[in-house]
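Written out below as structure tokens is the structure these notes cover.
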Amino acid sequence: MAEALMAALVLWCVSPRMSFGASSHEVPGRASGMAPDTRFATARTATARTATARTEMTGTEMTGVRMTGTDRISFPAGDRARIARLLDDRPAGRDMASRLDWVSAKLLGTPYLANTLIGGPEVPEALVIRLDGVDCYTFIDLARALALARDTADFIPVLKQTRYRDAQVQFDHRRHFLTDWVAFAPRNARDITATLSPHARHIRKRLNLRADGGHYIPGLPVRSRDVTFLPPQAVTPEVLDGIRTGDVIGIYTALDGLDVTHTGLAIRKRDETGREDVYFRNASSLKANRKVVDTRLVDYVRNKPGIVVLRMTGISSPGR
């Protein structure tokens with residue numbers, strides 16, 4: 001029951017990126033279900049947060065958002081300078097995996113911060129770029145853009161393609177669910193889950209549709225989508241051998257209307273004994289962390305419903 005209540009309280013997370021900010025709270029232990037009596041509590045919590053967020057976004061718009069071409073962008077000067085330094089310092093000539101490892105390592109220790117994105121059915125969308133705090137979604141967005149951008153001028157176009165389908169900075173184009181990375185153009189990744197093990201499972205989900213018939217994200221349609229995941233017992237040494245540094249790991253959930261409840265990057269590195277292992281680099285909302293951390297993947301998924309594994313692709317040229 002405690003886990004079910006936690007799941008109810010943290011659905012403001014996860015996938016989807018909820019209406020007024022991308023926040024990513026982890027669910028300790030199993031995130032496989034939610035008791036019926038807690039679903040209504042979630043709906044009430046969502047209503048309260050929506051009202052609060054509308055007020056907060058009005059203040060943010062007044063102080064931090066500027067028009068750049070046709071897009072509304074919030075990109076503080078300090079974060080702009082840090083992005084420029086990271087791109088200048090990024091080692092040249094490395095492959096995609098090495099670049100993802102390097103840039104994401106620079107974000108280790110970054111505080112966990114939820115609800116940083118601006119936009120909703122009644123709030124104009126803005127491209128928000130912040131390095132003072134990240135959640136699990138903004139963390140992987142930033143890591144991909146920092147790994148792929150050719151230079152500082154290229155960073156914003158790459159981030160737009162990463163966060164939004166068709167690179168259109170609009171609320172209804174935001175990739176609210178992790179599997180949107182694969183479903184919508186330009187694709188950020190390909191789903192390799194089924195290639196890793198014959199024990200992969202497949203399920204048809206109606207994303208955004210709650211078990212009580214409501215919607216997680218007002219103003220967005222319900223989309224039927226096949227989701228493939230590996231249950232924890234299928235995450236064997238052979239499966240780990242097939243996971244590369246930079247692969248995106250989604251923590252699958254059996255909750256109706258959602259695909260994953262948390263996400264991060266796979267990082268292959270050696271432990272203190274010299275043995276190579278796969279770590280889960282993620283913006284952790286757990287009380288013990290509240291920052292970007294590395295955790296052994298097998299330890300993290302042991303009591304979870306499963307994982308989804310995506311492999312990042314390059315960036316398409318149009319719109320850069």
Side-chain angles (χ1 to χ4, degrees), residues 4-27 31 33-62 64-65 71-72 74 113-128 135-138 141 160 162-181 183-184 204-225 227 250 253-263 285:
L5 178 59
M6 179 64 73
L9 293 174
V10 302
L11 282 180
W12 204 250
C13 70
V14 291
S15 176
R17 302 166 182 263
M18 291 304 191
S19 305
F20 298 91
S23 52
S24 58
H25 303 262
E26 298 161 84
V27 181
M34 181 166 53
D37 61 335
T38 63
R39 291 189 173 108
F40 181 65
T42 304
R44 289 184 296 171
T45 301
T47 300
R49 290 197 181 208
T50 295
T52 301
R54 284 175 179 161
T55 302
E56 292 173 349
M57 289 305 102
T58 301
T60 303
E61 289 179 313
M62 293 172 60
V65 178
D71 296 324
R72 302 172 70 254
S74 175
L113 184 63
N115 301 318
T116 60
L117 298 191
I118 298 173
E122 300 176 20
V123 177
E125 187 79 7
L127 178 68
V128 176
D135 65 25
C136 72
Y137 273 91
T138 56
D141 281 352
K160 285 169 57 177
T162 299
R163 188 172 292 169
Y164 299 96
R165 58 187 173 93
D166 303 319
Q168 298 297 308
V169 182
Q170 299 172 19
F171 175 72
D172 59 356
H173 279 62
R174 194 193 301 172
R175 301 182 198 263
H176 293 271
F177 297 86
L178 179 63
T179 51
D180 288 349
W181 272 41
F184 296 127
R204 172 62 61 91
K205 292 267 194 170
R206 300 189 69 194
L207 297 182
N208 200 35
L209 182 63
R210 300 167 54 88
D212 61 8
H215 290 178
Y216 286 106
I217 308 178
L220 291 184
V222 173
R223 299 183 186 276
S224 293
R225 184 170 299 163
V227 176
T253 178
L255 288 167
D256 292 336
L258 300 175
D259 50 6
V260 306
T261 53
H262 192 47
T263 188
S285 65

Task: Nearest-0.5 Å distance that lies between atom CZ in F177 and atom CD1 in I217 - done: 4.5 Å
TODO: Heavy atoms only: give me the nearest C136-T263 pair and the separation to one decimal.
DONE: CB-O, 3.2 Å
Open item on the list: Measuring from atom CD of Q168 to atom NZ of K160, what distance do you get when rounded to the nearest 0.5 angstrom?
Closed with: 7.0 Å
Task: Any donor-acceptor N/O pair, D71 side chain to L127 backbone, under 3.5 Å - done: no
- [ ] May I ask you to check whether Y137 and H176 place their ring centers less than 6.0 Å from one another?
- [x] no
Task: Spacing of CZ belonging to R163 relative to CZ belonging to R175, to within rounding of 0.5 Å - done: 11.5 Å
Task: Beyond-backbone contact of D166 with F184, side-chain heavy atoms, under 4.5 angstrom - done: no
Open item on the list: Do D256 and L209 make a side-chain contact, defined as non-hydrogen atoms from C-beta onward lying under 4.5 Å apart?
Closed with: no
- [ ] Measure across K205 and A254 and return the closest heavy-atom pair with its distance rounded to 0.1 Å.
- [x] NZ-C, 3.6 Å
Open item on the list: Rounded at 0.5 Å granularity, tell me how far OG1 in T138 sits from CG in L113.
Closed with: 8.0 Å
Open item on the list: Can you tell me how far apart OG1 (T179) and CG (L258) are? Round to the nearest 0.5 Å.
Closed with: 10.0 Å
TODO: Check whether any side-chain N or O of N208 sits under 3.5 Å from a backbone N or O of Y216 as a donor-acceptor pair, and report yes or no.
DONE: yes
Task: Exercise: identify the closest heavy-atom pair between E125 and R72 - done: O-NH1, 3.1 Å
Open item on the list: To check you understand the geometry: which heavy-atom pair defines the closest contact between P218 and P121, and what is its length?
Closed with: O-CG, 3.1 Å
- [ ] Using the test salt bridge (Lys or Arg N to Asp or Glu O under 4.0 Å), find all partners of R223 that sit at least two apart in sequence or belong to another chain.
- [x] none
TODO: With sequence neighbours left out, write down each residue that passes side-chain hydrogen bond (donor to acceptor under 3.5 Å, both in side chains) with Q170, or none if nothing qualifies.
DONE: H173
Task: R225 vs D180, salt bridge (charged side-chain N to carboxylate O under 4.0 Å, His left out): CA-CA, chis, key distance, verdict - done: CA-CA 10 Å; R225 184 170 299 163; D180 288 349; 2.7 Å; yes
TODO: State, to 0.1 Å, how close V65 and S74 come at their nearest heavy-atom pair, and which atoms those are.
DONE: CG2-CB, 4.1 Å
TODO: Check V128 against T116 and note the closest heavy-atom contact, atom names and distance.
DONE: CG1-O, 3.5 Å
Task: Distance, nearest 0.5 Å, that separates OG1 of T253 from NE2 of H262 - done: 13.0 Å
